Student: 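My questions will all concern the structure given below.
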Amino acid sequence: MVKLTSLAIGCLALAAISLQAEDPMNVALVVHGGAGTIERSSMTPEREKEYRAGIENALRAGENILQSGGTALDAVESAVRVLEDDPHFNAGKGAVFTSAGTNEMDAAIMDGRTLAAGAVACVQHVRNPITLARAVMEKSKHVFMVGAGAEEFAKSNGIALVDAKYFFTPERWDALKKALEKTSGASGKKFIFTDADRHGTVGAVARDKNGNLAAATSTGGMTNKLPGRVGDSPIIGAGTYANNETCAVSCTGDGEYFIRASVAHEVNALMEDRGMSLREACEAALENAHKLGGDGGLIAVDKNGNIALPFNTSGMYRGYLGPDGKFVIDIYREH
Ligand code: ASP
């Protein structure tokens with residue numbers, strides 16, 4: 001039995017799905033491809049199909065693991081890897097460019113069972129930053145590694161490094177050019193700089209058959225960011241958090257505000273300390289970032305397998321494994 005509620009509160013669109021708590025074997029999986037969606041007016045049916053296929057491929061990768069009894073941790077890592085390899089999303093292959101024309105990627109993963117976590121930031125040659133984040137969690141005594149040191153660690157752990165050229169995509173390059181011309185006003189042209197030009201991120205949250213939760217997030221950050229800038233995605237408690245006692249969360253949006261509002265940990269805290277439901281906690285945490293001036297969204301799952309996918313932007317690439325075993329995939333606010 002399933003209860004699906006979808007509501008719009010002010011500018012917040014929220015979907016929450018309740019799975020019956022008495023079925024402890026319920027697995028749950030939600031993925032997002034970022035709140036920086038292409039404007040609906042520029043979205044062609046072909047493009048929409050490609051984005052939906054990307055989300056579906058990620059869901060399939062995670063679902064295969066969960067249905068065969070695998071861990072939530074393996075499921076979120078593998079779902080995120082699929083999105084990192086897909087040039088449509090701002091992570092791995094499709095990462096946006098810094099103001100210096102480089103790609104600097106951030107990622108984090110957290111195991112809700114042990115509260116172990118791993119994160120990397122400002123890596124420039126790692127094909128799958130989420131796998132490096134997991135290696136930091138499992139193979140080092142650290143939680144967070146950055147830049148050259150993180151890449152050295154990748155090398156010594158057999159994690160694929162690629163030439164920086166691998167991350168070049170014409171769409172992201174054009175977005176940087178647009179951003180630079182907009183800031184310098186050089187061309188005299190009037191550019192419309194959309195959410196999709198600016199940012200994006202990918203993430204996954206899951207609950208496995210043993211009731212373990214995990215969260216993973218990976219991003220190229222924001223177009224035209226200063227080299228060395230780090231967003232919320234790799235910061236445990238800001239863009240990524242998981243705790244078996246409460247929930248697993250992966251965020252997307254204006255990182256500076258999500259950091260200041262500690263959005264992912266706030267969802268956990270509101271559930272634990274205030275006894276809020278997953279949906280209420282997600283809504284309140286997102287509103288905290290919104291009040292500071294930041295927009296975006298998040299995906300979350302609680303210990304009973306309930307899920308929430310709120311966002312206050314015009315859209316968020318997103319999908320989840322429905323209770324009937326079918327994937328539900330959406331981009332914009334209205335269905
Ligand atoms: N949160 C990401 C960052 O600030 C960007 C995004 O999700 O759009 O790096």
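Numbers here are sequence positions counted from 1. Predicted, not measured: the structure shown is a model, and the values here were computed from it. For ligands, and for the atoms within them, numbers begin at 1 and follow the listed sequence.
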Student: Any nitrogen or oxygen of R229, side chain or backbone, less than 3.5 Å from one on ligand 1?
Tutor: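 Yes, there is a polar N/O contact under 3.5 Å.
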
Student: Ligand 1 and M222, any nitrogen or oxygen pair closer than 3.5 angstrom?
Tutor: no

Student: Heavy atoms only: give me the nearest M222-V96 pair and the separation to one decimal.
Tutor: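 Here M222 and V96 meet closest at C-CG2, 3.6 Å.
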
Student: Can you find an N or O of E256 that's nearer than 3.5 Å to an N or O of ligand 1?
Tutor: no

Student: Can any side-chain N or O of T219 pair as donor or acceptor with the backbone N or O of G200 at less than 3.5 Å?
Tutor: yes

Student: State the atoms of ligand 1, each with its element, that fall below the 4.0 Å cut-off from a heavy-atom position in T252.
Tutor: 6 (C), 7 (O), 8 (O)

Student: Is the backbone of Q124 close enough, under 3.5 Å, to the side chain of E151 for a donor and an acceptor to pair up by distance?
Tutor: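 Side chain of E151 to backbone of Q124: a pair is present.
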
Student: Heavy-atom distances under 4.0 Å decide this one: backbone, side chain, both or neither, for M105 against ligand 1?
Tutor: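 Neither part.
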
Student: Hey, does G255 come in under 3.5 Å of ligand 1, counting only N/O atoms on both sides?
Tutor: yes

Student: Enumerate the residue pairs fulfilling salt bridge (Lys or Arg N to Asp or Glu O under 4.0 Å) with a member in residues 228-241, sequence neighbours excluded, ordered by first and then second residue.
Tutor: R229-E256

Student: If you measure every N or O of G200 against every N or O of ligand 1, does any of those distances drop under 3.5 Å?
Tutor: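 G200 vs ligand 1: N/O contact under 3.5 Å present.
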
Student: Quick one: list whatever passes side-chain hydrogen bond (donor to acceptor under 3.5 Å, both in side chains) with E152, sequence neighbours left out.
Tutor: K155

Student: If you measure only the distance, is there a donor-acceptor pair under 3.5 Å linking the side chains of T131 and E77?
Tutor: yes

Student: N/O of D106 under 3.5 Å from N/O of ligand 1, yes or no?
Tutor: no

Student: Any idea which atoms of ligand 1 are less than 4.0 Å away from a heavy-atom of T201?
Tutor: 1 (N), 2 (C), 5 (C), 6 (C), 7 (O), 8 (O)

